[in-house]
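Before any comments, here is the structure.
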Amino acid sequence: MGEHASRVQSALRERLASAVEHLVWHVEYDLDGTPVDVAGVSDSTLVLVELEWRRADPVDNTATLFRHLADGVLRASTDRTVVVVQLFTAYYDLVRGGVSSKRQNAEFVGDRIATAVPHVSYHGVSLPLSPPRADGDLPDDWRDAVETAVGSVSDALASREQTHGGREQREETGERS
């Protein structure tokens with residue numbers, strides 16, 4: 001991860017720690033040997049945030065994250081709420097509108113895997129930031145983009161926490177959060 005992405009990653013962790021105080025927030029959280037960009041942790045909840053800056057294959061991050069979840073956290077507990085948020089910078093936006101197939105593929109895999117595990121949710125989220133190249137500067141409004149991301153992560157967690165208690169009802173009706 002480059003200097004600019006690390007700066008955004010640290011700011012994201014700091015803002016999440018202020019916004020979602022019941023979790024302990026980390027950067028480069030060790031998930032069974034794989035570092036996750038930002039993670040919020042408690043005994044009952046695990047929030048994993050991957051920052052997709054300019055990655056050529058973000059679906060690899062998605063699959064790797066869920067593979068390590070399955071091998072560790074999910075095997076150890078079937079009651080722990082797990083929220084996976086994959087933040088995609090504007091690098092994955094298309095000029096003509098919409099998003100790239102790279103992002104679509106990552107979101108497809110994340111959605112399908114989360115559908116198979118009742119206490120896990122996946123959220124592909126836009127980070128409204130055009131990532132500069134290594135020799136460039138972060139845009140002036142990069143902190144606003146971090147605030148937007150904090151709101152999205154908080155919303156994903158709140159949505160999951162509201163529905164996690166009603167797991168049996170969702171299973172009966174086929175509803176998925």
* **SB check Glu107 Arg103 (cutoff 4.0 Å)** =>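 So Glu107 pairs with Arg103 through a salt bridge.
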* Please determine if Asp60 and Arg55 form a salt bridge, counting it only when a charged side-chain N lies under 4.0 Å from a carboxylate O. =>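 Between Arg55 and Asp60 there is a salt bridge, with a charged N closer than 4.0 Å to a carboxylate O.
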Between [X] and [Y], what is the shortest heavy-atom contact and its length?
X	Y	answer
Val27	Arg13	CG1-CB, 3.6 Å
Pro131	Ala90	CD-N, 4.4 Å
Val150	Ala19	CG1-CB, 3.7 Å

Given the rule that I, L, V, M, F, W and Y join up when any side-chain heavy atoms are under 4.5 Å apart, are [X] and [Y] in one cluster?
X	Y	result
Val117	Val109	yes
Val24	Val85	no
Leu31	Val120	yes
Leu23	Leu12	yes

Taking the side chain as everything from C-beta on, heavy atoms only, tell me whether [X] gets closer than 4.5 Å to [Y].
X	Y	value
Leu46	Leu69	yes
His123	Val83	yes
Leu94	Ser100	yes
Val20	Leu157	yes
Tyr29	Pro35	no
Val146	Val8	yes
Val82	Ser121	no
Pro58	Gln86	yes

* Asked: With Val153, which of Thr148, Val47, Val125 fulfils side-chain contact (heavy atoms from CB on, under 4.5 Å)?
  ->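 Passing option: Val47.
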* Separation of Ser152 OG from Leu127 CG (nearest 0.5 Å) ->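 So the gap between those two atoms works out to 9.0 Å.
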* Check step by step if side-chain contact (heavy atoms from CB on, under 4.5 Å) holds for Leu51 and Phe88. => CA-CA 6 Å; Leu51 175 59; Phe88 295 91; over 6 Å; no
* Using the side-chain contact (heavy atoms from CB on, under 4.5 Å) rule, take Tyr122 and Ile113 through it: C-alpha gap first, then chi angles, then the decisive distance, then the call. => CA-CA 8 Å; Tyr122 171 84; Ile113 295 171; over 6 Å; no
Under 3.5 Å donor-acceptor, [X] side chain and [Y] backbone:
X	Y	value
Thr89	Trp53	yes
Asp141	Asp144	no
Glu50	Asp37	yes
Ser101	Gln104	no
Ser126	Pro128	no
Arg54	Tyr91	no

* **Derivation and outcome, side-chain contact (heavy atoms from CB on, under 4.5 Å), residues Gln9 and Val38** => CA-CA 7 Å; Gln9 175 191 33; Val38 179; 3.8 Å; yes
Short side-chain donor-acceptor distance under 3.5 Å, [Y] and [X]:
X	Y	result
Glu52	Asn61	yes
Ser6	His4	no
Thr34	His68	yes

* After noting the C-alpha distance and the side-chain angles of Glu28 and Val36, does the key distance pass the side-chain contact (heavy atoms from CB on, under 4.5 Å) rule? -> CA-CA 5 Å; Glu28 299 301 315; Val36 177; over 6 Å; no
